[in-house]
Amino acid sequence: MAKLEIKNLTYIYSEGTPAAKKALNNINLRIKQNEFIGLIGRTGSGKSTLAKHLNALLKPTEGKILLDGEDFWHKPKKIRNVRFKVGMVFQYPEHQLFEETVYKDIAFGPSNMGLLEDEIEKKIHMACEFINLDFNLLYKSPFELSGGEKRKVAIAGVIAMDPEILILDEPTAGLDPKSREQLLCQLHYYYKSREKTVILISHNMDDIAKYSDRIIVLDDGNLIMFDSPKRVFSQIDLLKSVGLEPPQITSVMRSLLEVVPGLSDEILTVDEAVEALLNFVKNR
Amino acid sequence: MLNNITLGRFFPGSSFIHRLDPRVKVLLMIVLLLNIFLSTNYLSLFIVFFVVILFIMLTKISLKTYFKSMKFILFVVLFTGILNIFYAKGTTIFRLGTFSITDEGINNSIFVSMRLIMLILVSSLLTFTTSPTNLTYAIERLIRPLNKFKIKTHELAMMMTIALRFIPTLLEEIDKIIDAQKARGADMETGNILNRIKAFVPVLVPLFVSSFRRAYDLALAMECRCYNGGEGRTSMRILHICRNDIFAILVVLGLFVLVLIINNLFLAVSL
Ligand SMILES: Nc1ncnc2c1ncn2[C@@H]1O[C@H](COP(=O)(O)OP(=O)(O)O)[C@@H](O)[C@H]1O
Ligand SMILES: [Mg+2]
């Protein structure tokens, strides 16, 4: 059974006013438990809108969303339970910090869930380890931290709720390369080691290609593709028509293929490229 | 959730009303409002109402949008309307215990409700069809004579422009922060008043922080572009009164005179 199922989802912003805008158009998706999903599309294609639906922050104009086979909006009063199971890290999450100390801020989510004090502490330590946050920072004010540290604290605040499905909306935008790599590695580890589902929105095709099991491509509110990275990134013309590009290394390898026949045209990551080239050199 | 508020919003378009000179539009709306309050009899009230509806049709924005802008104020209209029914002298037509409903009461309540509704319609007419920049531009121009009294009209208008400019940004920001806290399980919808007020701390703190950051950024950006107040500043846009404007002025002034004449006629009849 699908962990998360989206059926005929349509969403219209400001319905009934002249500013009405159809942001999602009849989307159907089935996402399994323990999948790493990449969500891509150009700016304004509806990625954030879709993400907000999965977290029950927006109610579908039409269609429904099922979590473990149960309709999200079946019991609107219990909607918070959905949010405990589906965690969401927004774009620029550092703008949501508000508590006096980092510790209290990370504790906000878990205490909303009604956990006990010692459980909360455990979760906070787990989250800090996960995100590689220095324990010494826990008793500082979040407003004293650097931008990157604030981002980590905000992400820890969601991780501490230990959600079954974790959605991240462009979490690496504005991070330095090392922090970005670390964050992505940790996300991958969260998904692998704890059998969670992760949905990652990103404009970095290299990251998406490297980590995703399957990729959702949106354009202007329509679902264009939902398939494995190999198949998605082999449809270069279709990708270009919706304003996207394959990973840089894929383009490089394709250009090489024109002069050196015999290389694979399905290479998506630098590691794969290195291996393919080494093999090629050895067998020559 | 805040997206459903239409009151005070601007809907871009190119209708007759959209294209009027903003200075003329502001003045005309003031005269229209005057008309509403000068109409002391049904005939003039309905003529003014008719003209307001005519203008609304000319904006090509659906009536539904206008009525949406009234949703919040509708209960004020109902409340004052009902109060007025009971609160007047005159011939009793209906008695309900200690309350009596008089003909004058009913008249009063109709007038008060109609006036409130028209008030909202006319102000929506202005804000729906005038971009915030044009609106403040018009106001800056109209209050310029106050310069003579040592009032810094340019600074006033600049503050207004900035405030207006940032209302949508702030609303959007509030929406975003509410979403982010809800995603962390914040409970904004249930519980007693005290709990609900407490639930707003996680929204207000980030909002203040980001507002200060924005204000700082804006001040810096303005300084970088050498902004130093109103002295010797010229405008990029120069407004011209054209034929449409004169036509609209004639219609509204005609209405003004008509209302005065009808009022006098009624006064003469009742004497
Ligand atoms: N609050 C809103 N009100 C009206 N329209 C919106 C709102 N948020 C997003 N949209 C519109 O919906 C479309 C999808 O936006 P979004 O989901 O934010 O795209 P993405 O995250 O892919 O950049 C865009 O055209 C955007 O203008
Ligand atoms: Mg987005």
Side-chain angles (χ1 to χ4, degrees), chain A residues 12-21 48 51-52 54-59 76-100 104-115 141-143 150 154 157-161 163 166-167 169, chain B residues 1-7 9-13 15 18 59-69 71 124 128-129 168-169 171-191 195 198-214:
Chain A
I12 303 173
Y13 279 109
S14 314
E15 205 183 2
T17 72
K21 159 91 196 164
S48 301
K52 280 188 204 167
L54 302 183
N55 189 239
L57 288 170
L58 289 176
K59 193 171 175 181
K77 286 239 162 75
K78 293 261 159 78
I79 201 67
R80 281 205 311 154
N81 290 342
V82 172
R83 300 197 186 124
F84 296 148
K85 287 184 189 159
V86 186
M88 165 109 183
V89 176
F90 281 84
Q91 251 163 314
Y92 301 103
E94 55 272 30
H95 295 170
Q96 72 188 28
L97 303 175
F98 70 99
E99 277 287 11
E100 295 152 62
K104 279 193 195 168
D105 208 288
I106 301 178
F108 183 65
S111 58
N112 279 330
M113 294 170 78
L115 298 184
S141 156
F143 301 106
K150 277 188 198 163
V158 176
I159 300 280
M161 295 167 74
L166 179 62
I167 308 167
D169 198 344
Chain B
M1 94 184 189
L2 295 165
N3 275 314
N4 289 323
I5 300 175
T6 59
L7 185 66
R9 258 172 77 175
F10 167 55
F11 297 101
S15 72
H18 279 92
T59 62
K60 303 225 170 82
I61 296 170
S62 78
L63 275 178
K64 219 164 116 194
T65 316
Y66 283 92
F67 284 104
K68 265 202 168 156
S69 75
K71 244 185 348 202
S124 299
F128 281 10
T129 61
T169 314
L171 287 179
E172 205 178 288
E173 186 90 20
I174 293 175
D175 248 359
K176 261 192 208 157
I177 299 171
I178 288 181
D179 272 355
Q181 306 302 23
K182 270 189 184 168
R184 292 208 279 165
D187 188 0
M188 306 265 178
E189 281 112 6
T190 59
N195 280 341
K198 259 200 219 148
F200 263 89
V201 173
V203 178
L204 288 181
V205 175
L207 187 66
F208 270 113
V209 172
S210 79
S211 301
F212 279 115
R213 195 183 53 234
R214 269 181 217 287

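In the text below, chain A, chain B and the rest are named by the order of the sequence lines, each starting its count at 1.
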- Is R83(A) reaching over with its side chain to a backbone N or O of G185(B), donor-acceptor style, under 3.5 angstrom? no
- Item | Exam field: side chain Q96(A) to backbone P206(B), donor-acceptor pair closer than 3.5 Å |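 The answer is no, because no donor-acceptor pair under 3.5 Å joins these two groups.
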Nearest 0.5 Å please: distance from the [atom1] atom of [X] over to the [atom2] atom of [Y].
X       : Y       : atom1 : atom2 : answer
L58(A)  : D179(B) : CG    : CG    : 6.5 Å
R184(B) : N55(A)  : CZ    : CG    : 12.5 Å
Y92(A)  : K176(B) : OH    : NZ    : 9.0 Å

- Against chain B, work out which of M88(A), H95(A), E99(A) has the most heavy-atom pairs shorter than 4.5 Å and name it.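 Ranked by heavy-atom pairs under 4.5 Å with chain B, first place is H95(A).
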- chain B contacts, top residue of F84(A), F90(A), F98(A), F143(A) (heavy-atom pairs, under 4.5 Å): F98(A)
- Note on the structure: Correct closest heavy-atom pair for A186(B) and F108(A) would be CB-CZ, 3.7 Å
- Message: Please rank V209(B), V201(B), L207(B), L204(B) by heavy-atom pairs under 4.5 Å with chain A and give me the top one.
- Response: V209(B)
- Item | Contact origin within K52(A) toward chain B - heavy atom pairs under 4.5 Å |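 The side chain, not the backbone.
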- Query: Which bit of D105(A) is near chain B, if near means a heavy-atom gap under 4.5 Å: side chain, backbone, both or neither?
  - Reply: both
